[in-house]
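One structure is given here, and the rest of the page talks about it.
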Amino acid sequence: MPVASVEDLRGARRVLVYGVTGSGKTTVADLLGAALDLPSHHVDDEIGWLPGWVERPADDQRRLATEMASGESWVIDSAYGKWRDVVTARTQVVVALDYPRAVSLGRLLRRTLTRLVTQEPMCNGNRESLAQVFSRKSIIAWHFQSFTRKHESIVALESAADGPPVVRLRRPSDLDRLLAGLT
């Protein structure tokens, strides 16, 4: 599929923001939603997690993703592998945050430490705990487990002949230019 342009994005009504853990997908989805006048959806809250850090069952996730993707206009801030096909089938443009590990990991560490201190709720009212930050299931551990796979998924999305066009951003300044082009 050809690389998407600002014009492709400007005319899109269904946008998927996809990227590595810690890259800022939710923030970017909100910024794009505001710039394009589209509703923004936060997958971790709406699909992925229940209170108490309980992961929603996969069949429920897929059903909720199907409902979300069936809308006529949206920006969705991620797509879990269990149901990514549902969302990409309706996506008009993918904005891929393919930042270097130092950028996404630095952001993730700052965000996690801030949430640990402030106890800001996230993911359906859940809060960071010291035990969780240092557990095998921590978001930081997930970053290391998923970074290469998510980068490879971005490359695959970009080269898929039958998929949506992709705007691949490799550094935060690319996002700044993209947003400036939309206003």
Side-chain angles (χ1 to χ4, degrees), residues 1 4 12-30 32-33 36 38-98 104 107-108 111-112 115 119-129 131-168:
M1 185 53 61
R13 304 297 301 156
R14 294 183 304 277
V15 179
L16 170 63
V17 178
Y18 189 78
V20 300
T21 302
S23 59
K25 297 179 296 292
T26 301
T27 299
V28 171
D30 288 345
L32 288 172
L36 299 169
L38 301 173
S40 176
H41 293 281
H42 303 169
V43 165
D44 286 341
D45 290 325
E46 297 178 51
I47 296 177
W49 294 100
L50 297 169
W53 288 112
V54 174
E55 186 175 4
R56 192 181 300 271
D59 58 335
D60 287 347
Q61 287 186 33
R62 191 165 183 86
R63 177 184 52 77
L64 291 168
T66 300
E67 289 172 11
M68 187 182 289
S70 70
E72 284 308 308
S73 61
W74 41 257
V75 179
I76 298 177
D77 75 346
S78 191
Y80 297 178
K82 298 171 187 170
W83 45 263
R84 183 176 30 232
D85 61 312
V86 169
V87 173
T88 56
R90 301 248 321 131
T91 297
Q92 292 175 313
V93 176
V94 175
V95 175
L97 306 180
D98 195 18
S104 57
R107 287 178 172 186
L108 182 62
R111 184 182 75 197
T112 301
R115 287 179 175 166
Q119 287 298 289
E120 173 189 344
M122 62 183 173
C123 299
N124 233 344
N126 293 301
R127 298 177 194 279
E128 295 281 9
S129 70
Q132 184 171 8
V133 169
F134 290 104
S135 77
R136 288 184 207 166
K137 293 186 175 184
S138 79
I139 192 73
I140 296 165
W142 180 248
H143 173 85
F144 284 98
Q145 294 168 18
S146 65
F147 183 87
T148 300
R149 182 176 64 250
K150 288 185 178 182
H151 167 75
E152 290 169 352
S153 292
I154 290 169
V155 172
L157 282 168
E158 190 176 44
S159 62
D162 59 346
V166 176
V167 176
R168 187 173 177 189

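In this text, all values refer to a predicted model and were calculated from it rather than measured experimentally. Counting from 1, the numbers follow the sequence of the chain as shown.
- Within the 3.5 Å criterion, the main-chain N or O of Arg115 finds no donor-acceptor partner in the side chain of Glu120.
- For the residue pair Tyr18 and Ala79, the shortest heavy atom distance occurs at CE1-O, 3.5 Å.
- Between the CG atom of Leu16 and the OG atom of Ser78 there is a distance of 7.0 Å, given to the nearest 0.5 Å.
- Going from atom OG of Ser70 over to atom CZ of Arg14 covers 10.0 Å, rounded to the nearest 0.5 Å.
- Under the 30°/60° scheme for interplanar angles, the aromatic rings of Trp49 and Trp53 are found to stand perpendicular.
- Val20 places none of its side-chain heavy atoms less than 4.5 Å from the side chain of Leu97.
- Each of His42, Arg111, Glu128, Arg127 was compared with Met122 under the side-chain contact (heavy atoms from CB on, under 4.5 Å) criterion, and only Glu128 meets it.
- Taking CG of Leu108 as the reference point, atom NE2 of His143 lies at 6.5 Å (rounded to 0.5 Å).
- Counting only distance, with no hydrogens or angles, the side chain of Glu158 and the backbone of Val166 share no donor-acceptor pair below 3.5 Å.
- Using a 4.5 Å heavy-atom threshold, the side chains of Val17 and Ile76 count as separate.
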(request) Apply side-chain contact (heavy atoms from CB on, under 4.5 Å) to the pair Glu72 and Arg13, showing each step before the final yes or no. (result) CA-CA 7 Å; Glu72 284 308 308; Arg13 304 297 301 156; over 6 Å; no
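- Looking only at distances, a side-chain donor or acceptor of Ser129 sits under 3.5 Å from a matching main-chain atom of Gln132.
- Contact of the Val15 side chain with the Trp74 side chain is not registered, since no non-hydrogen atoms from C-beta on lie closer than 4.5 Å.
- Note on Asp98 versus Arg168: salt bridge recorded, some NZ/NE/NH1/NH2 to OD/OE distance being below 4.0 Å.
- Counting only distance, with no hydrogens or angles, the side chain of Arg56 and the backbone of Leu50 share no donor-acceptor pair below 3.5 Å.
- Side-chain contact between Val43 and Tyr80: present, with at least one pair of heavy atoms (C-beta onward) separated by less than 4.5 Å.
- Salt-bridge formation is detected for the pair Arg62/Asp85: a Lys NZ or Arg NE/NH1/NH2 atom is positioned less than 4.0 Å from an Asp or Glu carboxylate oxygen.
- Residues Ser135 and Ala141 come closest through the heavy atom pair O-CB, 4.2 Å.
- Distance CG/Leu38 to CG/Asp30: 12.0 Å, rounded to 0.5 Å.
- Put simply, the side chain of Arg90 gets close to the backbone of Gly71: a donor and an acceptor are under 3.5 Å apart.
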(request) Applying side-chain contact (heavy atoms from CB on, under 4.5 Å), run through Thr21 and Phe144 and close with a yes or a no. (result) CA-CA 9 Å; Thr21 302; Phe144 284 98; over 6 Å; no
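- Contact check on Glu55 versus Lys82 returns a salt bridge, with a Lys/Arg side-chain nitrogen under 4.0 Å from an Asp/Glu carboxylate oxygen.
- Distance CG/Asp77 to NE2/His41: 10.0 Å, rounded to 0.5 Å.
- Atom CG of residue Asn124 and atom CG of residue Asp44 lie 9.5 Å apart, to the nearest 0.5 angstrom.
- When all heavy atoms are compared, the tightest approach of Ala69 to Val86 is CB-O, 4.0 Å.
- Arg84 is listed as a side-chain neighbour of Ser153, based on a closest heavy-atom distance under 4.5 Å.
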